[in-house]
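Remember, predicted model here, so these are calculated numbers, not experimental data. Order of the sequence lines sets the chain letters (A, B, ...), proteins ahead of strands, with each chain counted from 1.
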There are 4 protein chains.
Amino acid sequence: MEQNEPFRSANVSDTVQIEEMTLSEDPRPRRASIGARRNPAAEAAIVAAARDLLGEVGFAGFSIDAVARRAGAGKPTIYRWWPSRTDLLVAVYERERAARLAEPETGALKGDLAAHARALFSAWRETPAGHALRGIVAEAQGAEPALVLLWGHLLPALARPIRAMLGDAARRGEVDPADTEMLAELVSGFLLRRLLTGQIDDDRAAIERMSRILATGRGRAK
Amino acid sequence: MEQNEPFRSANVSDTVQIEEMTLSEDPRPRRASIGARRNPAAEAAIVAAARDLLGEVGFAGFSIDAVARRAGAGKPTIYRWWPSRTDLLVAVYERERAARLAEPETGALKGDLAAHARALFSAWRETPAGHALRGIVAEAQGAEPALVLLWGHLLPALARPIRAMLGDAARRGEVDPADTEMLAELVSGFLLRRLLTGQIDDDRAAIERMSRILATGRGRAK
Amino acid sequence: MEQNEPFRSANVSDTVQIEEMTLSEDPRPRRASIGARRNPAAEAAIVAAARDLLGEVGFAGFSIDAVARRAGAGKPTIYRWWPSRTDLLVAVYERERAARLAEPETGALKGDLAAHARALFSAWRETPAGHALRGIVAEAQGAEPALVLLWGHLLPALARPIRAMLGDAARRGEVDPADTEMLAELVSGFLLRRLLTGQIDDDRAAIERMSRILATGRGRAK
Amino acid sequence: MEQNEPFRSANVSDTVQIEEMTLSEDPRPRRASIGARRNPAAEAAIVAAARDLLGEVGFAGFSIDAVARRAGAGKPTIYRWWPSRTDLLVAVYERERAARLAEPETGALKGDLAAHARALFSAWRETPAGHALRGIVAEAQGAEPALVLLWGHLLPALARPIRAMLGDAARRGEVDPADTEMLAELVSGFLLRRLLTGQIDDDRAAIERMSRILATGRGRAK
DNA sequence: ATGTAAGCGAGACGGTACGTCTGGTCTTATA
DNA sequence: TATAAGACCAGACGTACCGTCTCGCTTACAT
């Protein structure tokens with residue numbers, strides 16, 4: 001801060017000097033490079049910081065600066081491995097999703113759908129995965145790459161287990177195979193709409209109704 | 001996000017006319033105050049600038065600064081009437097929505113749903129309303145007030161005509177009245193999911209299938 | 001606030017409505033026009049507000065907006081009579097200066113100067129006049145009209161009683177008439193420098209020394 | 001404020017050279033960071049821009065925004081190193097003051113004072129230093145930190161060479177040592193008053209008279 | 001064994017946008 | 001015709017992030 005400044009005179013706010021001196025010992029261990037390859041500790045610290053940040057303040061207040069600060073990482077280190085904020089959100093999302101729900105396999109489509117929806121809402125409530133996905137959707141409304149990622153990768157992944165259930169149901173004769181694709185879209189539309197409007201509490205009645213309508217057909221009114 | 005048709009331009013009955021007339025002789029008319037009350041010309045110019053900006057660059061690049069610049073307005077004037085970016089987006093959205101689709105009234109639910117969906121997709125493609133709604137959803141992922149507005153005001157408004165169709169269908173005996181609410185939610189989930197992933201092209205097959213499944217029930221596989 | 005807005009929808013921050021309704025009765029009497037001539041009540045209220053504001057927060061925080069707010073006056077009313085902030089400051093300054101010090105007339109220049117300086121410092125301390133003059137000097141550093149006003153009107157007025165004392169002293173033979181002008185300038189330089197650096201406490205020793213040096217000459221060191 | 005001579009331009013040994021060289025091929029070199037430490041080129045460009053701005057439009061029109069624009073710098077870069085406008089003005093002032101007047105050493109106080117005053121007025125006329133100091137004084141009338149800086153740092157520095165002359169004179173027996181402090185204050189009061197009222201033209205008669213009165217005493221009128 | 005290549009924390013950099021404040025002008029409605 | 005009111009454009013304020021850059025360091029790997 002002092003180099004090359006022959007004329008730098010007393011600043012208006014130079015009274016801070018004293019307290020800066022007490023900072024002699026460094027509380028942060030400064031996680032250095034481990035050679036010409038990615039440092040797993042750095043990666044873990046960054047994703048953990050991002051996860052915690054999302055958990056604490058949600059997508060608002062989620063910034064690369066804040067993640068770097070909290071992780072004790074340099075911003076270029078983040079940008080090296082996650083070229084955009086979206087990528088970092090995806091990393092958090094996928095990491096959380098790893099703790100996955102065992103497939104229900106109740107033997108009937110309606111029960112499978114309901115169980116899956118309830119498990120998903122629960123995971124979105126209790127981990128930052130929900131905030132992460134919401135953030136990705138938000139980014140996708142303004143950035144092309146995020147949009148591609150969302151509907152080329154994330155939403156298909158979200159629909160995959162649903163499609164699997166529907167495939168099973170089709171094999172059991174519960175569902176016309178020609179309808180599985182649209183049914184999967186309707187289910188994920190339901191899930192997404194609830195997530196984005198913050199309505200992911202354990203609303204059993206609604207989940208039950210959705211599952212019944214889509215799984216067993218409605219039949220005409222009596 | 002792909003439709004580069006520059007959307008329908010200023011309507012014949014638009015309030016912007018006043019401003020555009022003054023533009024004829026002076027490049028920057030410096031639209032002054034008209035007394036201690038809101039200046040409709042300023043309001044029109046701001047909403048028009050916001051609309052055009054959305055149409056040209058989408059939600060990315062939509063900033064209050066840019067709107068003020070383009071409208072020749074002071075930022076405080078914008079903040080006075082639309083306290084947040086979301087409010088301005090809503091203004092654009094509702095303005096565009098005014099040119100509304102006549103209700104289909106085909107006499108059968110399936111046709112009504114399909115016609116409505118196609119009309120809505122068309123409107124989203126051809127006016128900035130789609131971009132506006134996408135922006136509002138994005139904002140709602142990080143800002144509580146926007147979230148409240150979204151699911152307390154905007155989504156209900158979106159679902160209202162659908163609910164009306166379902167009510168009619170229920171009166172005709174096509175649908176169990178107990179299901180109308182969830183059916184409306186499923187339809188709007190479908191619409192919203194398509195909007196947010198940029199899939200609002202005129203996909204007649206998908207719209208047809210969605211309408212059939214939700215309107216007539218699926219019936220089990222043969 | 002409602003006119004011409006067919007599309008103005010629910011604002012994000014529209015919860016204020018309720019409390020605005022309680023504002024039915026007006027606490028402020030709304031001092032109206034008294035016809036086609038200047039309303040003394042308005043003038044008094046404005047100058048009083050300016051004076052009080054200066055007294056409470058000093059020149060920082062002194063703005064036309066704040067004065068208008070506090071006086072319950074419209075900004076144009078202020079600008080009509082005081083075309084710039086400087087003019088308003090001058091009004092405050094002159095009004096305060098009205099409660100003026102009786103001329104000392106001790107019969108000797110040194111005592112006159114000291115008495116005058118002490119009286120002036122006291123007035124600057126105890127009324128907003130000091131803040132007003134400081135503000136005028138500040139404005140004069142960036143605005144030509146204020147500068148003209150300052151050294152064409154205010155500083156001469158400040159020097160006038162001093163020049164009078166020096167004239168008397170010259171008549172008494174205490175001072176060379178050719179020196180009175182510069183002596184007056186040196187005295188007012190002393191006063192101004194003290195005011196602008198906030199050193200207008202009752203420093204009798206310094207005032208005494210200044211008076212002695214300028215009034216009786218120094219004489220060489222013993 | 002009247003001198004429209006464009007003041008001495010960039011010195012041969014100025015640090016700006018580096019930046020000006022890159023300007024040869026690219027109209028906007030986008031002077032990037034040079035690592036986790038202050039970039040001297042950026043500093044030089046900012047101070048130079050501030051200096052030029054002061055020289056061209058004076059303290060009015062001197063804004064951080066304008067400096068940033070002209071320097072091709074980001075506003076945060078300026079605020080990082082000069083937390084307030086005052087700090088930047090001080091930087092300009094001290095930079096200019098570096099081109100210092102050789103101490104006169106005429107052997108007699110009166111000549112020393114006159115030479116010093118004339119040199120100072122000349123520097124204030126021909127460089128932006130005068131505008132910078134005027135700006136600092138203006139700021140000090142509304143901001144406490146600027147006030148502290150002014151009379152704790154800047155005015156003492158201004159008075160230092162004068163005090164030195166007076167000390168020499170006292171050693172030579174020309175002046176009573178007990179008077180040196182007040183004499184220095186009277187001289188700097190004279191200088192400051194002239195600066196703040198824009199009267200820094202080469203008024204030899206006035207400078208002569210001031211020097212004579214303060215240096216040799218006046219003696220009574222004949 | 002050593003040179004080189006890459007990762008690392010750090011933080012400065014030019015920008016853009018944020019939301020607020022003030023300046024000075026303008027117009028209306030009221031008296 | 002003066003007044004209170006308050007909207008209007010303009011633009012500066014100081015702050016937060018963005019994504020890029022360079023530094024000085026550390027370590028592993030290829031020579």
Rounded off to whole Å, could you give me the [atom1]-to-[atom2] distance for the [X] and [N] pair?
X: A:L88; N: F:dC17; atom1: CG; atom2: P; value: 15 Å
X: B:L53; N: E:dA17; atom1: CG; atom2: C1'; value: 13 Å
X: C:R70; N: E:dT22; atom1: CZ; atom2: P; value: 14 Å
X: B:N39; N: E:dT25; atom1: CG; atom2: P; value: 19 Å
X: D:I46; N: E:dA12; atom1: CD1; atom2: C1'; value: 11 Å
X: C:F62; N: E:dC21; atom1: CZ; atom2: C1'; value: 16 Å

(request) Tell me which residues in residues 77-87 of chain A put a heavy atom below 4.0 Å from DNA chain E, sorted by number, or none. (result) A:T77, A:R80, A:W81
(request) Nearest-nucleotide wise, let me know which of D:D65 and B:G74 is further upstream toward the 5' end of DNA chain F. (result)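 The residue closer to the strand's 5' end, by nearest nucleotide, is B:G74.
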(request) Pick out which of A:V90, A:V47, A:L89 makes a side-chain contact (heavy atoms from CB on, under 4.5 Å) with A:W82. (result)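 So, applying the side-chain contact (heavy atoms from CB on, under 4.5 Å) to A:W82 and each of A:V90, A:V47, A:L89, only A:V47 qualifies.
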Grab the N/O contacts between the protein and nucleotides 2-4 of chain E below 3.5 Å, and write none if there aren't any.
none

(request) Please identify each residue that fulfils salt bridge (Lys or Arg N to Asp or Glu O under 4.0 Å) with A:R134, with sequence neighbours left out. (result) none
(message) Applying salt bridge (Lys or Arg N to Asp or Glu O under 4.0 Å), can you list everything that pairs with A:R38, at least two apart in sequence or on another chain?
(response) A:E43
(message) According to side-chain contact (heavy atoms from CB on, under 4.5 Å), who are the partners of B:A50, at least two apart in sequence or on a separate chain?
(response) B:F62, B:V67, B:L88, B:V92
Is it true that a side-chain atom of [X] and a backbone atom of [Y] form a donor plus acceptor pair closer than 3.5 Å?
X: A:D52; Y: A:A49; answer: no
X: B:R31; Y: B:G72; answer: yes
X: D:D87; Y: D:W81; answer: no

(request) Can you check whether any acceptor in the base of E:dG11 is under 3.5 Å from a donor in the side chain of A:K75, or vice versa? (result) no
Closest approach of [X] and [Y], non-hydrogen atoms and distance?
X: B:A138; Y: B:F59; result: CB-CE2, 3.8 Å
X: A:G142; Y: B:A60; result: O-CB, 2.9 Å
X: D:A71; Y: D:I46; result: CB-CA, 3.9 Å

(request) Counting heavy atoms from C-beta on, name the nucleotide in F:dC17, F:dC8, E:dC21 closest to the side chain of B:P76. (result) E:dC21
(request) Give a yes/no answer on whether the side chain of B:R69 brings an N or O atom under 4.0 Å of OP1 or OP2 in E:dA17. (result) yes
(request) Report yes if a side-chain nitrogen or oxygen of A:R38 is closer than 4.0 Å to either non-bridging phosphate oxygen (OP1 or OP2) of E:dG7; otherwise report no. (result) no
Table of protein N/O atoms under 3.5 Å from nucleotides 25-31 of chain F N/O atoms:
residue: F:dT26; atom: O2; partner: A:S33; partner atom: OG; Å: 3.4

(request) For A:E43 and for C:S63, find the nucleotide of DNA chain E with the closest heavy atom, then tell me which residue's nucleotide is more 5'. (result)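 With A:E43 and C:S63 compared, the 5'-side residue is A:E43.
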(request) Determine, step by step, whether D:R51 and D:E56 satisfy the salt bridge (charged side-chain N to carboxylate O under 4.0 Å, His left out) criterion, reporting the C-alpha distance in whole Å, the side-chain angles of both residues, the deciding distance to 0.1 Å, and the verdict. (result) CA-CA 9 Å; D:R51 184 203 343 109; D:E56 289 170 22; over 6 Å; no
(message) To the closest 0.5 Å, what do you measure between CZ (C:R69) and CD1 (C:I64)?
(response) 11.5 Å
